[in-house]
Amino acid sequence: MPKAQVTFEDIGVTVTVPAGTRLIEVSEKVGAGITYGCREGECGTCMMKIVSGIEHLGSPSMLEDQVLKENYAGAANRLACQAQVIGGHVIVRPG
Amino acid sequence: MSGPAMTVMPGVPVEIAPDVHWVGALDPDLRQFDIILRTANGTSYNAYAVRGVDGVAVIDTVKAEFAEDFFARLWSCCRPSEIRAIVLNHLEPDHTGALPELLRLAPQAKVYLSFPALKMLKGLVKNGLDESRIAVVDEDTRVDLGGRTLRFVHTPYLHWPDTQCTWVEEDGILFSGDVFGCHFCDARLFNDRVGDFRFSFDYYYQHIMRPFREHVLNALALIEPLPVRLIAPAHGPVLRDAPTSYVRRYRQFAEPVLANEAAGRDRTLLVFYISAYGNTARMAQAVREGAEEVDGVRVSLYDLAGGDPGPFVDLVEEADALVFGSPTINGDAVKPVWDLLSSLTMVRVKGKLGGAFGSYGWSGEAVGLIEDRLRGLKLRVPRPGVKVKLIPTDEELSACAVLGRELAEHLVGRATPRHIDFTAPQALSA
């Protein structure tokens, strides 16, 4: 099984997950500070900062791109309810 | 300031500066606003018309039920065809209720708003919104009305993401939206003529602006340098007498309610608990003792049975970590815990550390429910809570101490990193 690692920097927890896992599937299980609103990529509540490894996330959909723009997102921001980790090691924190 | 008494008359605009008119509406009978605010004196929905040589700008509108009052006053000081600009400082419905009709009656007018307001506008004016009429503004935008120039001050989260102020530099007038506003309806309109509204001004800040203290400070940094001669807010009296005193009042409000003598030296961890038979109390004591093992953390313990939420909220505002202990009764945390947790929307708690623990008899839901609430308030919950069936053993009390110690270690950046492997079969659905 292809695997990936995600570190939730705010709580000091690293998880090993199957490649293709969305961040939303694990962040709440471990108590990370990323919070969710609609959970469908529309509200922008779960915007997070990718500290490193953004290249290991799947490309944002058109919807996610639009919501990121509407929320003044920077190049290192993604939505945790949408972003899938496809391999490697990604370090994230809320924001 | 003295002068003849003057009151707002139906259909008559009130000049607040040369060629600048109040065209809002009074709602003296309102007793509750937006569910969360009590309004002993009703409120006003303040809108303004600013005339330049080349046309008129309308600053905000009113709640829909008061559109008739608004238009009666507006058409008394200008014609629809003269309106060049409609400025929306804040899109909450009490300020945009008359907007669809104004857009229809003044089709040549352009709408000026902040970038976050754009999405909200599409939700308010759902049909027939002509996007070519909309201009998103920032601090560099100038709208020249001919002899009068509108500028925009970016004040997000006071109290919505969209909020901004509009500044007329030639006159020193700040159209401040909800900032410096209050729910106080008095037909004498100006702050030097109306009754004593200080309690309303303070109450409004505490309930509307206080949760956004860091944004208040950012806004004040932009507003304080302006040579303000008059503040025209979206609710309450027009502040023409000593307007900068209200800016200074906001600066006072934005200071911590409680001076934190440990600030800069220690991080602060608060343990709140309530206990039916003393079991959760013993757990609270153990959490406290565990946290106190960590240097650089000031730990405090509070029994919720002996206090009201208000003073605790002031403590929470300045704290770095919050740990809640509750027994489970009827499948829930108990009311004093919820009373405090529901009061925390009054202050900024995002990013603080949180944790939970509690003794239970049968099912033990309280800890999980408190943790969910803490996450909902955007706290970080880095360690799973401790649930104990009835009387805690020494081993279970040790687990409470570990919870306290680990939370404290997180506070000072000495937490041990953890690794969890979710790739085992069924792990993600566990």
Side-chain angles (χ1 to χ4, degrees), chain A residues 1-39 41-49 51 63 66-73 80-81 84-85 87 89-95, chain B residues 114-123 136 138 154 156-157 161-162 320-321 349-356 367-368 370-385 403 406-407 409-430:
Chain A
M1 176 200 300
K3 298 179 183 179
Q5 283 197 325
V6 181
T7 295
F8 296 97
E9 194 183 60
D10 62 328
I11 56 168
V13 171
T14 300
V15 296
T16 302
V17 293
T21 300
R22 288 185 196 277
L23 273 291
I24 188 174
E25 295 174 65
V26 285
S27 77
E28 288 179 308
K29 282 181 186 292
V30 300
I34 299 166
T35 53
Y36 297 90
C38 70
R39 297 169 180 271
E42 290 185 1
C43 72
T45 303
C46 64
M47 192 158 73
M48 60 181 174
K49 176 85 179 287
V51 179
L63 172 67
Q66 176 68 21
V67 173
L68 288 169
K69 272 185 205 156
E70 286 174 356
N71 287 281
Y72 295 110
C81 73
Q84 285 180 290
V85 56
H89 187 187
V90 184
I91 301 175
V92 305
R93 60 178 157 85
Chain B
S114 69
F115 184 75
L118 192 55
K119 194 161 85 172
M120 192 59 63
L121 184 66
K122 290 173 183 171
V136 172
D138 59 26
H154 188 51
Y157 294 99
D162 65 330
D320 300 302
V349 291
K350 181 180 177 182
K352 296 182 193 290
L353 281 186
V367 170
I370 292 169
E371 289 175 329
D372 285 346
R373 172 63 177 160
L374 294 175
R375 289 191 194 100
L377 288 165
K378 298 185 171 55
L379 278 83
R380 297 175 286 147
V381 184
R383 289 293 180 266
L403 173 66
E406 291 187 345
L407 287 171
E409 287 171 342
H410 260 280
L411 274 186
V412 294
R414 295 202 290 270
T416 308
R418 284 192 304 153
H419 181 261
I420 302 170
D421 189 348
F422 281 118
T423 58
Q426 309 303 316
L428 279 176
S429 58

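Computed from heavy atoms alone, side chains included, the values below leave out hydrogens, waters and symmetry copies.
With a 4.5 angstrom heavy-atom cutoff, B/Lys119 touches chain A only via side-chain atoms. Using a 4.5 Å cut-off between heavy atoms, B/His410 touches chain A through its side chain atoms alone. Only the side chain of A/Thr45 comes within contact range of chain B, with heavy atoms under 4.5 Å apart.
Distance CG/B/Leu374 to OG1/A/Thr35: 12.5 Å, rounded to 0.5 Å. To the nearest 0.5 Å, atom CZ of residue B/Arg380 and atom CD1 of residue A/Ile11 are 9.0 Å apart. Atom CD1 of residue B/Ile420 and atom CD of residue A/Gln5 lie 12.0 Å apart, to the nearest 0.5 angstrom.
Surrounding OH of B/Tyr157 are at most 12 heavy atoms belonging to other residues, nucleotides or ligands under 6.0 Å away.
Between chain B and the residues A/Asn71, A/Val13, A/Ile34, the most heavy-atom pairs under 4.5 angstrom are made by A/Val13.
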What's the verdict on side chain to side chain contact (heavy atoms under 4.5 Å, CB included) for B/His419 and A/Thr16, showing C-alpha distance, side-chain angles and the deciding distance?
CA-CA 8 Å; B/His419 181 261; A/Thr16 302; 2.6 Å; yes
For the pair B/Phe422 and A/Val30, evaluate side chain to side chain contact (heavy atoms under 4.5 Å, CB included) and give the outcome as yes or no after the intermediate values.
CA-CA 11 Å; B/Phe422 281 118; A/Val30 300; 3.8 Å; yes
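The shortest distance between side-chain heavy atoms of A/Glu28 and B/Val381 does not fall below 4.5 Å.
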